[in-house]
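Report on one structure; see the data block that follows.
Numbers for residues simply follow the sequence, beginning at 1. Note that the structure is a prediction, hence the values are computed from the model and not measured.
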Amino acid sequence: MKSVTVAGIDCGTNSIRLKVSRVDENGVEDIVPRILRVIRLGQDVDKTHRFADEALERAYAAAREFAGILAEHPVDGIRFVATSATRDAENREEFEDAIERILGVRPEVIPGTEEADLSFLGATSIVRRDVEAPYLVVDLGGGSTELVLGGDGVTKPVTQVQAAFSMNIGSVRMTERHLRNDPPTEAQIDEAIQDIDEHIDEAFRTVPAGKARTIIGVSGTVTTMTALSMGLTEYDHSVVDGARCTLEDAFAVDDRFLRMPREERLTYKTIHPGRVDVVGGGALVWSRVLARVSEAAQADHGQAIDSFMASEHGLLDGIVLDYGTRLLAAR
């Protein structure tokens, strides 16, 4: 059987991830499972439209670490994908040049629509057939949030996307833009909700989210808040991946951690230290998306959605599967 070994790197606003996988006609087998480093590349980008020097240094340190790992695991190709913060940064060429020197591959700064498609591919690649379609995949990042509707439960995920939209809102962006106090004030929360809802209104003009029967949430914010709602004292990806959570439970835990002082959030081992500062902003985006999609489903087909599925599989998985499949086809 033909196979290729590929490395995928997902460089977002808050974190950077690497995994090395073997791809063949049966799917993906991980050789080096996902490695995550929180680098906050998008620090102040919403305000300055530039990468901060210290943020670039954190990114380069992670890239050098990844280069060391890849030196021990030869691959047929590397795909480095950069998303929201890099799209917005005026000095992104400096970043791209440095990454190319370190890793030998130039970052691809992909548009939000491609990010949405790849997130959908990754999230639905492991969905069981008993999960009711259509699916709405929500990829909630640090700088942007993608909504992707698709799936009929029959055809392959790569052919399933019906509509997608990338919103310029995320955990880092909302925290820096609105939630500046610790804990945030009611006025700041109200301003953030208005901002989020305006973006959702715009997204819904492109994505008929009400047609969804299942919400699949991916990204660190979603999986972290799911773990907290499940009462986990330490994060366990094997428990969170594929878990169902009611919207009622999600709203309660999201609101609690949004209003919780940073010092108290630090005591929760379930939250990655790099997310402590921004998890409240992410939780607020997540709650508003869940509420609005459920309302839209009620209006569309008379049945509100009362739960969602958390998935550890998202953009990074889509990058690896898509790239590996294309390399195979070229052989």
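The pair R259-E264 does not count as a salt bridge, with every side-chain nitrogen at least 4.0 angstrom from each carboxylate oxygen. Using a cut-off of 4.0 Å between Lys/Arg side-chain N and Asp/Glu carboxylate O, R79 and E108 are scored as salt-bridged.
Under a hydrophobic-cluster definition in which Ile, Leu, Val, Met, Phe, Trp and Tyr are linked whenever side-chain heavy atoms come within less than 4.5 Å, directly or via other members, F251 and F308 are assigned to the same cluster. V127 and I215 fall into different hydrophobic clusters, where Ile, Leu, Val, Met, Phe, Trp and Tyr residues are linked whenever their side-chain heavy atoms come under 4.5 Å apart, directly or through other members.
The side-chain hydrogen bond (donor to acceptor under 3.5 Å, both in side chains) test with S119 is passed by exactly one of D317, D139, T124: D139.
Side chain of D46 to main chain of R173: no donor-acceptor pair is present (N/O by atom type, distance under 3.5 Å, no hydrogens or angles). With hydrogens and angles ignored, the 3.5 Å screen pairs a side-chain donor or acceptor of T226 with a backbone N or O of V222. Counting only distance, with no hydrogens or angles, the side chain of R22 and the backbone of I31 share no donor-acceptor pair below 3.5 Å. Judged purely by atom type and a 3.5 angstrom limit, R37 has no side-chain atom pairing as donor or acceptor with the backbone of A63. The closest donor-acceptor contact from the side chain of Q298 to the backbone of G302 lies under 3.5 Å.
The minimum heavy-atom distance linking T270 with A227 is given by the pair CG2-CB, 3.5 Å. Listed here is the closest heavy atom pair of L136 and A209: CD2-CB, 4.2 Å. Scanning all heavy atoms of the two residues, the minimum distance from F51 to F95 falls at CE1-CB, 3.8 Å. In this structure, I305 and L247 approach most closely via the heavy-atom pair O-CD2, 3.2 Å.
Counting only N and O atoms by type, the side chains of N168 and H199 include no donor and acceptor under 3.5 Å apart.
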Practice task
Determine, step by step, whether L258 and D254 satisfy the side-chain contact (heavy atoms from CB on, under 4.5 Å) criterion, reporting the C-alpha distance in whole Å, the side-chain angles of both residues, the deciding distance to 0.1 Å, and the verdict.
Solution key: CA-CA 6 Å; L258 167 64; D254 288 352; over 6 Å; no
Practice task
Check the pair R101 / D97 against salt bridge (charged side-chain N to carboxylate O under 4.0 Å, His left out), numbers first and verdict last.
Solution key: CA-CA 6 Å; R101 287 194 296 270; D97 290 343; 5.2 Å; no
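Contact check for I99 versus I9: no side-chain heavy atoms found under the 4.5 Å cut-off.
D201 is linked by a side-chain hydrogen bond (donor to acceptor under 3.5 Å, both in side chains) to R292, counting only residues two or more places apart in sequence or in another chain.
Heavy atoms from other residues, nucleotides or ligands lying under 6.0 Å from NE2 of H301 number more than 12. Annotation for N181: atom CG counts as buried by contact number, over 12 foreign heavy atoms lying within 6.0 Å.
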